[in-house]
Amino acid sequence: MTGAGIGSVLFGICLLHSWANSSTHVLYPHEAVYSGGPSMFLRSASKRGLAVVGATTPVFLLATVAFCMGTRPLLSGAVLLGLMAGIRQLERRMWHDEIVVKLGKYVPAAAALLGYVVARGIAELTGQTDEVANAAGWEAGCGVMGGAFFLAGLAKLRESGMSWSKARNQAILIVERSYSGPMPVRALRKWVAASPTLCLAAGLYGFYGEFLGLLFAVSWARWPIAIFSVLLQIGITVLLGYIELEWMLIMVALALLSG
Amino acid sequence: MVWIAPVAALVYIVVSLAIGDWFPFSRYSMYASIGARDHGAAPYCKANGEFTTVDRLEHFGGFDVAHIYPQGIPCSLEWQVHEARRWIEAHMAPPDGGPGDVAMEFGFRLIWVDDKGHITEKLRPTLNGTARRRTGRR
């Protein structure tokens with residue numbers, strides 16, 4: 001399989017992960033999705049959620065396969081965006097007080113896909129070949145993700161200033177999560193939280209790394225940024241307990257797809 | 001072709017800053033405000049004095065769930081708190097249902113970390129009442 005082929009598969013996984021995430025929230029709006037365990041899936045799903053997810057998931061799967069195989073990518077990409085926007089709206093309605101938006105539930109694969117669809121659409125309209133239009137689309141997807149990382153850094157700078165990266169701020173964030181998860185992970189989080197050096201390193205890595213993420217818009221910097229992103233997500237998974245598969249794979253997928 | 005990605009980045013940044021969190025645009029501000037905290041907080045739930053998770057209980061009574069998350073508690077695990085609130089609201093005992101057989105407490109561990117990495121914590125209950133242990137499939 002070529003690098004672009006692997007990238008397509010990874011991007012498809014990102015899309016499916018995003019869909020599964022939203023579907024879970026729509027299917028189980030009365031369960032403790034984050035603080036509960038897998039036993040949630042043994043309980044009855046919401047009828048409304050079941051109807052919507054049951055009706056749209058086959059279309060989403062077909063569109064994902066079509067997009068990843070390069071079959072009518074504009075149409076399949078637009079269908080994917082429409083479905084993701086739709087389930088996101090439903091998710092927002094079913095979870096009160098706008099917490100889906102307020103508490104940081106992001107959709108990086110959809111953002112990159114939007115960049116792809118817009119740039120590819122413009123390229124096709126201006127008479128570019130399929131190969132050039134595809135390359136333009138993935139370039140735009142990379143730019144969007146670089147922008148997303150920069151925005152994350154900018155938000156920290158605007159709301160907390162340079163002090164965001166201070167060891168104590170990171171220690172508090174990590175220790176708050178040392179009361180959940182498997183016991184060895186809890187112990188590790190407490191140990192890291194008690195080390196000002198490690199916490200400072202984590203803070204500096206996250207803060208400045210997100211600004212540097214803007215370099216993903218430049219082709220030569222994509223692989224270093226993708227590796228940075230994977231390491232950042234591994235750190236977030238271990239220390240904060242969020243398994244963000246979509247964020248973990250998206251930069252690698254885009255680095256491969258943009259050649 | 002090299003100009004496409006920088007232009008896309010710029011457009012995405014500008015639009016996101018202008019319109020905020022509007023799918024699939026966002027300002028990505030999760031955890032951005034942690035610099036304003038001097039301590040943290042993690043939610044806990046107890047049943048008969050032992051730590052548990054709130055979704056293992058139902059038939060709640062004896063408290064006003066609106067008091068679950070008082071202002072000023074600097075918790076970054078708000079998903080868990082919102083979920084707990086939803087759960088409790090959806091599983092309150094009916095008015096004629098009688099109290100549950102479990103003493104239930106919900107609250108926050110307030111956590112401080114000093115500059116040398118010493119961690120101290122204190123429990124702050126916000127809800128005290130009764131519940132039942134949840135069993136079986138629903």
Side-chain angles (χ1 to χ4, degrees), chain A residues 30-36 40 42-44 81 84-85 88 96-97 99 101 103-104 106-107 110-111 114-115 119 135-136 139-144 146-148 150-152 155-156 158-161 163-164 166-169 171-173 175-177 179 190 193-196 214 217-219, chain B residues 1-2 4-13 16-17 20-21 23-44 51 53-56 74-80 82-84 86-87 90-91 109 111-119 121 137-138:
Chain A
H30 300 298
E31 298 288 344
V33 173
Y34 281 78
S35 33
M40 172 187 77
L42 297 174
R43 300 188 178 124
S44 299
L81 280 172
M84 291 165 95
R88 170 100 173 169
H96 65 79
D97 296 339
I99 64 172
V101 174
L103 300 185
Y106 307 124
V107 200
L114 178 68
E139 280 293 313
C142 289
V144 166
F150 180 82
L151 282 162
K156 293 173 177 66
R158 290 171 74 179
E159 293 192 31
S160 294
S163 70
W164 186 91
K166 277 186 177 173
R168 194 177 64 174
N169 292 331
I172 291 171
L173 207 58
V175 79
E176 283 178 320
R177 287 147 181 85
Y179 303 96
K190 260 208 170 127
S195 165
L214 184 60
V218 183
S219 62
Chain B
M1 194 74 81
V2 292
I4 293 176
V7 168
L10 184 65
V11 170
Y12 189 73
I13 290 168
S16 292
L17 289 174
D21 291 282
F23 175 90
F25 296 92
S26 176
R27 291 179 186 146
Y28 299 94
S29 56
M30 193 175 186
Y31 302 136
S33 61
I34 61 166
R37 303 194 301 172
D38 71 344
H39 66 289
Y44 73 86
F51 288 106
T53 55
V54 72
D55 67 331
R56 290 185 181 157
C75 178
S76 73
L77 295 159
E78 287 180 300
W79 266 108
Q80 290 186 14
H82 282 285
E83 280 187 345
R86 270 174 82 104
W87 181 265
H91 295 85
R109 287 183 174 90
I111 311 158
W112 288 262
V113 184
D114 70 17
D115 289 338
K116 291 180 178 169
H118 296 134
I119 299 165
E121 62 173 69
R137 188 179 288 207
R138 294 293 187 279

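Numbers restart at 1 for each chain; the letters A, B, ... are given by sequence-line order, proteins then strands.
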When only pairs under 4.5 Å are counted, which of [options] shares the most heavy-atom pairs with chain B?
options: A:Gly161, A:Ser195, A:Ala148, A:Ala135; answer: A:Ala148
options: A:Val218, A:Val107, A:Val175; answer: A:Val175
options: A:Cys142, A:Ala136, A:Gly146; answer: A:Ala136
options: A:Ala171, A:Ser163, A:Ala85; answer: A:Ala85

Does the side chain of B:Ser29 pick up a donor-acceptor pair with the side chain of A:Arg158 at under 3.5 Å? no
If every non-hydrogen atom of B:Ser76 is compared with every non-hydrogen atom of B:Tyr31, which pair is closest and at what distance? O-CE2, 4.1 Å
Which pair of non-hydrogen atoms, one from A:Glu159 and one from B:Ala32, has the smallest distance, and what is that distance? CB-O, 3.6 Å
Per-residue contact mode, [X] against chain A (heavy atom under 4.5 angstrom):
X: B:Arg109; answer: side chain
X: B:Pro43; answer: neither
X: B:Ile34; answer: both

Contacts of type ring pair (Phe, Tyr, Trp, His ring centres under 6.0 Å), residue B:Tyr44, not counting sequence neighbours: B:Phe51
What pairs with B:Tyr28 under ring pair (Phe, Tyr, Trp, His ring centres under 6.0 Å), at least two apart in sequence or on another chain? A:Tyr106, A:Trp247
State whether B:Arg37 and A:Glu176 are salt-bridged, where the test is any N-O pair (Lys NZ or Arg NE/NH1/NH2 against Asp/Glu carboxylate O) under 4.0 Å. yes
Looking at B:Gly35, B:Ala5, B:Pro6, B:Ala90, which makes the most heavy-atom pairs under 4.5 Å with chain A? B:Ala5
Toward chain B, the part of A:Ala167 with a non-hydrogen atom under 4.5 Å: neither
Can you say whether A:Leu173 sits under 4.5 Å from chain B via the side chain, the backbone, both, or neither, judging by heavy atoms? both
Donor-acceptor contact below 3.5 Å, side chain A:Arg168 vs main chain B:Asp115: no
